[in-house]
Amino acid sequence: MGKLHFYWITLPIIIFHQAVLANNCIPRHYGKSSFVCVCNATYCDSAPIVGDLAAGQATLITSTRADARFRSTIVNASPLYLTHYTADEIFIDASVQYQKIMGFGGAFTDASGINIAKLSVLAQQNLLKSYFSTDGIEYGLGRVPIGGSDFSTRAYTYDDFPGDDSLSNFSLAREDLFFKIPYISWAQSLSSKPIKLFASPWSAPAWMKSNGKLYGKGYLLQEYYQVWADYFIRFFEEYKTHNLTFFAVSPQNEPMDGNIPDFPFNCMGWTAGKNFHSNLRLETKGFASIKIMVMDDQRILLPKWAETVLAHPEAKKYVAGVAVHWYGDLLSPPIALTSFHEKFPNHFILATEACEGDKPWQKAVSLGSWERLESYAHNIIEDLNHWVTGWVDWNLVLDEKGGPNWSGNFVDSPIIINNILDEFYKQPMYYGMGHFSKYIPEDSVRIGVTVIDGSDLFGTAFLRPDGKRTIVILNR
Ligand SMILES: *[C@@H]1O[C@H](CO)[C@@H](O)[C@H](O)[C@H]1NC(C)=O
Ligand SMILES: *[C@@H]1O[C@H](CO)[C@@H](O)[C@H](O)[C@H]1NC(C)=O
Ligand SMILES: *[C@@H]1O[C@H](CO)[C@@H](O)[C@H](O)[C@H]1NC(C)=O
Ligand SMILES: CC(=O)N[C@H]1CO[C@H](CO)[C@@H](O)[C@@H]1O
């Protein structure tokens with residue numbers, strides 16, 4: 001009882017569910033690695049939907065380097081026992097329970113919106129459905145930069161008027177009005193559930209900072225702590241007038257960046273000891289439900305950063321969790337996540353940013369790269385197996401160069417557009433994200449899983465709110 005037992009088959013990722021037939025991928029090969037799926041205004045592949053399951057019945061949903069994208073196979077067997085494959089065995093034990101899942105998603109950056117806007121309206125719709133609808137991979141989380149980031153075509157904030165201490169000239173940018181808000185609202189209308197949004201700023205206005213610039217080494221001047229906090233409130237108020245509300249905020253994207261001399265794009269430096277969180281006073285402004293996440297930076301800073309913040313009684317009162325980025329993960333083992341969890345079991349961990357192609361020796365965009373799917377899936381499984389409650393990708397959509405980006409920091413994305421042909425390409429990474437985002441719904445609970453003799457297999461298992469169990473296995 002409580003154990004599901006089956007033999008491994010030679011497929012990279014499987015998930016148990018009943019599925020209905022989905023539109024097929026139209027493959028296109030760019031290199032030797034694997035392929036992208038091509039979508040346009042009139043055609044896009046879809047992801048199999050979860051249906052009812054009889055006792056002992058399961059569905060395998062498979063993506064492979066060679067040919068499959070979300071290929072589904074119904075398996076009827078009780079107990080589930082798939083013979084004639086290889087010797088690896090996987091045991092799930094639902095009596096061992098870990099963290100509850102918040103969800104998976106991506107970021108509504110300026111660059112994402114600028115790219116989406118270049119497609120025809122029907123292609124735009126297919127793209128947003130691919131991420132947010134039940135035909136697609138049903139993202140439930142969305143990150144929204146407060147003002148500009150490197151993935152903007154200019155460096156800006158919502159109040160670039162030196163000395164405007166009362167924020168009387170605060171206003172959302174055309175990027176919000178044309179490239180963020182319309183697509184967030186549209187995504188929401190295509191989704192069967194509320195999309196949970198969270199926000200982070202890259203920099204305060206230059207005039208509030210020690211270096212008078214949006215980038216490079218610089219800090220918020222002490223006299224502007226409250227003005228900068230009020231700026232957050234103004235942002236939430238403006239988005240609320242567009243019917244968009246937030247479930248969480250991080251006070252700063254990558255606070256370490258602004259401690260680095262000549263850092264090339266929007267940033268602002270903080271140390272863990274600066275207690276800005278209490279200035280936010282979200283509860284007095286009608287935004288009490290917005291959770292504050294600290295750090296929003298590489299996990300190598302854990303658990304020390306969190307210990308320093310949470311040692312401050314005032315900060316501890318306001319902070320709900322920590323946000324982690326993946327860029328330094330090769331240098332910092334995931335045990336840092338577990339040690340944070342063990343010290344602060346009531347504070348959640350959310351992975352809030354990741355992308356491929358960011359290293360100087362890497363190609364920014366690598367169309368069809370299977371290695372990048374493996375890299376995503378491996379990192380997600382590793383995070384989930386170390387108490388992380390969800391995983392949020394960086395730009396939802398980039399162009400074939402990996403931009404636009406005002407500072408030349410080009411990277412990859414699960415969806416790449418070709419506006420000349422009015423097409424977009426769903427990378428292997430998109431399917432990698434989907435194996436998690438679609439089949440591990442919010443409030444699923446991670447359960448025990450053991451892989452026997454499976455040195456190439458890496459997996460994670462969940463009990464869903466509907467009582468079904470999902471297991472995702474990566475075979476590298
Ligand atoms: C859109 O894609 C479908 C499926 O590949 C194809 O049949 C159709 O010709 C494409 N439309 C355009 C305008 O390229
Ligand atoms: C607000 O902006 C206007 C120009 O749009 C400028 O004339 C005025 O000085 C600004 N106010 C402050 C307080 O910066
Ligand atoms: C916000 O939602 C309300 C109620 O559903 C609606 O009346 C209003 O038009 C919406 N406003 C915007 C800006 O979408
Ligand atoms: C270095 C580089 O190519 N930067 C580009 C970043 O994006 C902006 C906006 O699209 C371009 O104007 C820059 O040329």
Side-chain angles (χ1 to χ4, degrees), residues 20-31 34-48 63 66-71 115-131 133 135-137 146-148 154-178 190 201 203-214 218 220-221 223-235 237-238 241 268 367-368 397 399-400 414-428 430-431 434:
V20 297
L21 281 181
N23 257 359
N24 289 326
C25 163
I26 306 284
R28 188 178 297 165
H29 292 261
Y30 282 90
S34 188
F35 54 91
V36 302
C37 300
V38 181
C39 293
N40 62 22
T42 55
Y43 189 90
C44 198
D45 56 295
S46 54
S63 297
D67 57 10
R69 293 291 182 269
F70 292 152
R71 181 168 58 208
N115 286 320
I116 296 170
K118 288 182 175 157
L119 297 172
S120 67
V121 171
L122 287 175
Q124 292 180 15
Q125 174 162 282
N126 278 341
L127 192 156
L128 291 170
K129 282 170 87 171
S130 291
Y131 272 132
S133 82
D135 288 343
I137 59 175
I146 300 178
R154 62 191 181 109
Y156 67 93
T157 75
Y158 297 134
D159 196 336
D160 293 318
F161 295 93
D164 186 15
D165 292 9
S166 61
L167 301 178
S168 59
N169 273 355
F170 179 102
S171 66
L172 293 185
R174 59 185 163 83
E175 283 84 347
D176 297 270
L177 302 177
F178 293 103
L190 296 169
S203 177
W207 53 270
M208 294 188 197
K209 294 173 65 179
S210 60
N211 60 340
K213 285 197 299 201
L214 298 182
L220 186 65
L221 296 170
E223 72 244 48
Y224 290 119
Y225 272 32
Q226 195 53 51
V227 182
W228 178 231
D230 295 342
Y231 179 108
F232 281 70
I233 301 290
R234 292 286 296 111
F235 169 81
E237 285 172 347
E238 291 293 334
T241 68
M268 187 161 72
L367 286 173
V397 190
D399 63 22
E400 288 171 290
I415 293 187
I416 299 294
I417 65 146
N418 178 338
N419 63 301
I420 309 291
L421 297 178
D422 195 35
E423 290 177 339
F424 61 91
Y425 308 129
K426 286 153 79 167
Q427 296 260 54
Y430 165 89
Y431 299 87

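Whatever order the structure lists them in is the order used to number ligands and atoms, beginning at 1. Note that the numbering runs from 1 along the sequence shown for the chain.
For the residue pair Asp164 / Ser168, a side-chain donor-acceptor distance below 3.5 Å is found, with atom types taken as modelled. Between the side chains of Arg234 and Tyr158, no donor-acceptor pair of N or O atoms lies under 3.5 Å. There is a side-chain donor-acceptor pair under 3.5 Å between Tyr425 and Asn418.
Ranking protein heavy atoms by distance to atom 9 (O) of ligand 2, first place goes to Asn169 ND2, 4.8 Å. Nearest protein heavy-atom neighbour of atom 4 (C) of ligand 2: Phe161 CE2, 4.1 Å.
Panel note: side chain Lys209, backbone Lys213; a donor-acceptor pair is recorded below 3.5 Å. At distances below 3.5 Å, at least one donor-acceptor pair connects side-chain atoms of Asp422 with backbone N or O atoms of Ser120.
Ion pairing between Lys426 and Asp45 holds under the 4.0 Å rule for side-chain N and carboxylate O.
Atoms of ligand 1 lying under 4.0 Å from at least one heavy atom of Tyr43, given by number and element, are 2 (O), 3 (C), 4 (C). Residue-ligand proximity, Asp164 to ligand 2, at heavy-atom distances under 4.0 Å covers atoms 13 (C), 14 (O).
The option from Asn126, Asn40, Val38, Leu122 that lies nearest to atom 10 (C) of ligand 1, judged by heavy atoms, is Asn40.
The protein reaches atom 2 (O) of ligand 2 closely, with a heavy atom under 4.0 angstrom from it. Proximity of atom 14 (O) of ligand 1 to the protein is indicated by at least one non-hydrogen atom lying closer than 4.0 angstrom.
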